[in-house]
Amino acid sequence: MSQTKQVEEKWLTKWEDAHIFEADPDPSKQKIMVTFPFPYMNGPLHVGHAFSASRVDVYARFKRMQGYNVLWPWAWHWTGQPLLGASQRVAKGDQTYIKILHEVDGVPEEQIQKFVDPKIMAQYYTSEGKKIARRIGFSVDWRREFTTVYPTFQKFIEWQYKNLKDLGYVTRGTHPVVWCPKDQSPTGDHDRQTGEGVTPDEYTIIKYKLDENTILPAATFRPETIYGTTNIWINPDATYVEAKVNNENWIISQEAVEKLKEQQKTITINRTLQGKELVGKTFENPLTHDKLPILPGWFVNTKTATGIVYSVPAHAPFDWLALKDLQQKPETLQQFNINPQMVLQIKPISIIEIDGYGEYPAEEIIKQMGIKNQHDPKAEQATKELYKKEYHSGKLKPNCESYANKSIKEIKTQLATNLEKLGISDKMYDLSEQVTCRCTTTCIVKILQDQWFLNYTNPEWKEKAKQVIAQMKIYPETARTNFYTTIDWLKEWACARTTGFGTPLPGGNGWIIETLSDSTMYMAFYTINKHITQNNITPEALTPQVFDYIYHGKGNKTQISKTTNITTQLLDEMRKEFLYWYPFDLRNSAKELVPNHLSFCIFHHAALFPPQHWPKSIGVNGMLMVEGQGMHKSKGNFITLKNAIDKYGADATRCGLMIGAEGMDDPDWKAENINEIKNKFETLTTFATNILTTPQQQENTQLEHWLQNKIQQRIQEVTQNLEELKTRTALQTALFETWNDIKWYIQRKGNTNTTTLTDTIKTWIKLLTPFAPYMCEELWSQTNQTNFISTTPWPKPDETKIDITAEEQENLITDILTDTQNILKATKITPTKIVIYTAAQWKWQIYLNILEKTKTGETKISEFMKEYTNTPELKPHIKNIATLIPKIIKTTTKLSQTRKTNHIKIQQTNEKQTIQNATEFFKERFNAEIQVYNEEETDRYDPKNRAQTAIPYQPAIYIE
RNA sequence: GCAGGGGUCGCCGAGCAUGGCCAAAGGCGUAGGCUUCAGGAGCCUAUCCUGCAGAGGUUCGUGGGUUCAAAUCCCACCCCCUGCACCA
């Protein structure tokens, strides 16, 4: 076993034996409850889960060290269809799938066979998942664990839905879905062979009249164009049927029959006919009562909608092209006994006005784009473009009667409704592209009846949900708008299905609450599930009254106790536990859950809980990429969390993920980088161990002050970033920046170990504990501490250790270092002797004076000169001062505001002393003799007379 | 189409809200040196261009603009990513 693994196992056992992550209410401590959306158990935990969950764990561990009573519960999602589907694939002997289970998920052969039972499959992944969640070091209170098929949990969901129903938020209605006629079930994206992302399009059907009794239902997306109708197109070579459709006589394409049957239409076919039978006849526009001709259109696709198309040549490029085409082919028309003269006389009817176009926009766009005929692929593009323009900026013309002068955008829906009221239109759904089910059947649209919905359209509910968001913290803040737009955009959500695991909808006649709808409030269940399991409370005992009492404080506990056999004491304890933990303080997940799960969570809390129990904050993060690509089992880049931990260890896996990204950016998992972190941790362990186990000396020089000062800054930075869930910045600072500070100190100090260094290392590993808990425990144990670092107080910045003088003195050293290197680079000389000259006493007076004045904006050189000429002690230097002033002004403008302030605060320091203290360091660095003089020393070595160029914080340098 | 997020010096990625501390943090990679039996790892140094004195020049998707001053502000354009519903 690797050493990393040994260390992990050791500390995991110790933590669990000491129960340090089990949290019970403690009124003396402030609480923090953090949560992570429970993972779906149709597969193993992967590094994507680990990314989101690690952020939660880092925050939990950080807050725990800060002294909060932290609860971090976990559960497993079993509800829904995919688990069943997966199990069925095994049952069918799907070898591709079985191979994936074996090779990617790492499921043993004999185990896979048992997966024909979906429960066994889910149970397997759940127990494996738990092992891994423990190994990665998540500081979870496992006493609250459950799966969504626990009967006790289902009682909670029943209570939730009973309440939602009482509030009127659960409604029934119809809903169009993509449907597989063979499977007799909705075909979601995951079940499709082709047509991913295709959704039902709603067409308006205009009921043109062939005669008194017969209707030609023509489908359109643009019902307003009914006013511009000039003719109907029928494909002469296609097969149509005459059928009784809901008591009306319709002529539709043969293909339309099956579709309409699934859309609340009863259809009896009377006869079949060829399209050409209709061509040449006339029909009536039901709105304008115009009598118009039916013309042959071979472009009409009978697979789309009703197979009947009406023509609006003024605004539809295809119609224009087809009409012009026919007008030039009298012989074709004669074949259908149509008078060519009549067709020539058809005038497009212009009904829409748009800027930049005249009478016939269709004609104009055709000419602009140089489209030759209806078979030109650009015609499609022209259509789209014109539709878009007319929709967004088009206005209806006076010939559109009461809709005249109205913009299409604002009138469209109303116009469609009005037509329907007049009985001259209907609705139909169809798919814009071919959708094929996994079973190879072509899908259609079905209108599901008696669907159960969560009515997110309800304006009061929306308003309340917005209030929940308004009082929440969102990390990162930029995600807040996403939530608001989601709330506005959500409409009725079909919340039940007929198959899969889950909780039956109360009074739902066999409908089961679907997976996204049963996982909105369960964080409240965590607070009491501990008591339910510990006291073996049966599902039967968990009546709505029990939950009412616990969550709403409603009802009489003595009464409830009598009917349920739950003691009043236990009822109170559960109520107390809920009140202590709730609301949750943080819920963190990937951004893809914003438009659904996270927003649902907000809606449901808004509905069922009072403001004091509304969520405190939500964190959102990016989607994990693997080597630059989305992670997919089929792509072969799927990384299970188990594999990652086995290979890199828990700490490196956690930190590799955390260093990847924060905010909404997508982190990229690169094996090379994770390995690098693993190596870094090995080095860090040796590095820190060496220091921690070496005897120290008490020293108190400028360098110690500098290091102490620096570490205070780092504590401050890491703390602040963690507060805002900026895990990447926090880890970067804690790991690399702090390490660099320590390395610099050691470089400057040489081989002496000091108490300051040791103390700094201790602080350092505390800062790293939320990220790499195992490594830090191990290092902590080497400091002869008997407690866990995981429960050690988080460091706080110590004001008394902030030392700007030490910082500026060290800045002086680094400035000299870079300047010298710069000179060496430019001159390409190998130094034998480096001489450093610090500025004269009188220069300080001027330097500080100028700094003070430039701060307020005064930079007139003449003013300065005047002032200094009148200062007796400066007068002797006045010649030099003239050249010095512009130089100082120039250097100070380059200084940061903080450093300027610091320089003023510090006033003068003994630069010569500071540099002399670093002589050894410079000597070693440049392998040259180092001399330091003050400009005012007369016996200085200064062959080139450089010393006079020295100014405070910028000593002169001479190199031989 | 609708909505949201982005394009920074080889790569990843800070910075952009509050314009000047920015040739632009940090990590990776690369090069040189040290250490090591060797491999790996580690440590140190360098890493836009130019420069015989601590300097100058050209960069932050493209093109304009505002300003003494723009990676940062404004306008236009190009490109990339994610979600869009019955599904976790």
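Every chain is numbered from 1 and lettered A, B, ... according to where its sequence line falls, protein lines coming before strand lines. What you are looking at is a predicted structure, and each value in this text was computed from that prediction instead of being measured.
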*asked:* Looking at A/Glu592 and B/A88, is any side-chain donor or acceptor paired with a base atom of the opposite kind under 3.5 Å?
replied: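 Counting by modelled atom types and ignoring angles, no donor-acceptor contact under 3.5 Å is found here.
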### Query
So does A/Asn822 reach the base of B/G54 with its side chain, donor to acceptor, closer than 3.5 Å?
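Side chain to base: no pair below 3.5 Å.
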From the list [options], which nucleotide is the closest neighbour of the side chain of [X]?
X: A/Lys670; options: B/A14, B/G54, B/C11; result: B/C11
X: A/Thr515; options: B/A25, B/G29, B/A88; result: B/A88
X: A/Ala956; options: B/C44, B/A46, B/G54; result: B/G54
X: A/Asp666; options: B/C81, B/C44, B/C28; result: B/C81
X: A/Thr827; options: B/A88, B/G42, B/C52; result: B/C52
X: A/Ala826; options: B/A25, B/G54, B/G51; result: B/G51

**Message:** Under 5.5 Å centre to centre and under 30° between planes: does that hold for A/Phe687 and the six-membered base ring of B/G42?
**Reply:**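 It does not: the ring fails the test against the base of B/G42.
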- prompt: Side chains of A/Phe603 and A/Leu454: does their closest heavy-atom pair fall under 4.5 Å?
  reply: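 When only atoms from C-beta onward are counted, A/Leu454 and A/Phe603 do not touch, as no gap falls below 4.5 Å.
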**Message:** Could you tell me if the side chain of A/Ser519 sits less than 4.5 Å from the side chain of A/Phe600, heavy atoms only?
**Reply:**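 No, too far: nothing below the 4.5 Å cut-off.
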B/G4, OP1 or OP2 - any side-chain N/O from A/Arg480 closer than 4.0 Å?
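Indeed not, no polar side-chain atom of A/Arg480 lies that close.
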Requested in this report: Could you let me know what B/U30 is paired to, Watson-Crick or G-U wobble, both distances under 3.5 Å, or none if it's on its own?
Outcome: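 With both distances under 3.5 Å, B/U30 matches B/A46.
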Atom pair distance, as rounded to whole Å: [atom1] in [X] and [atom2] in [N]:
X: A/Ile742; N: B/G42; atom1: CD1; atom2: C1'; result: 17 Å
X: A/Lys680; N: B/G27; atom1: NZ; atom2: C1'; result: 7 Å
X: A/Asn596; N: B/U82; atom1: CG; atom2: P; result: 16 Å

- A/Tyr203 and A/Phe221: ring-ring contact (aromatic ring centres under 6.0 Å, His included), yes or no, with the steps? CA-CA 5 Å; A/Tyr203 288 84; A/Phe221 288 126; 4.3 Å; yes
| task | Could you check whether A/Lys743 gets within reach of a base, just the sugar-phosphate, or nothing at all, counting any heavy atom under 4.0 Å? | result |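 Counting heavy atoms under 4.0 Å across all strands, the contact made by A/Lys743 is with sugar-phosphate only.
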- If each of A/Thr820 and A/Asp668 is mapped to the nucleotide of RNA chain B with the nearest heavy atom, which maps nearer the 5' terminus, i.e. the 5' end?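 The residue mapped nearer the 5' terminus is A/Asp668.
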Discussion item. Using atom P in both nucleotides, what's the gap between B/U72 and B/C16 to the nearest angstrom?
Written reply: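 It comes out at 12 Å once rounded to the nearest Å.
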* Euclidean distance for C1', B/U58 against B/G6 (whole angstrom) ->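 Straight-line distance between the two C1' atoms is 26 Å.
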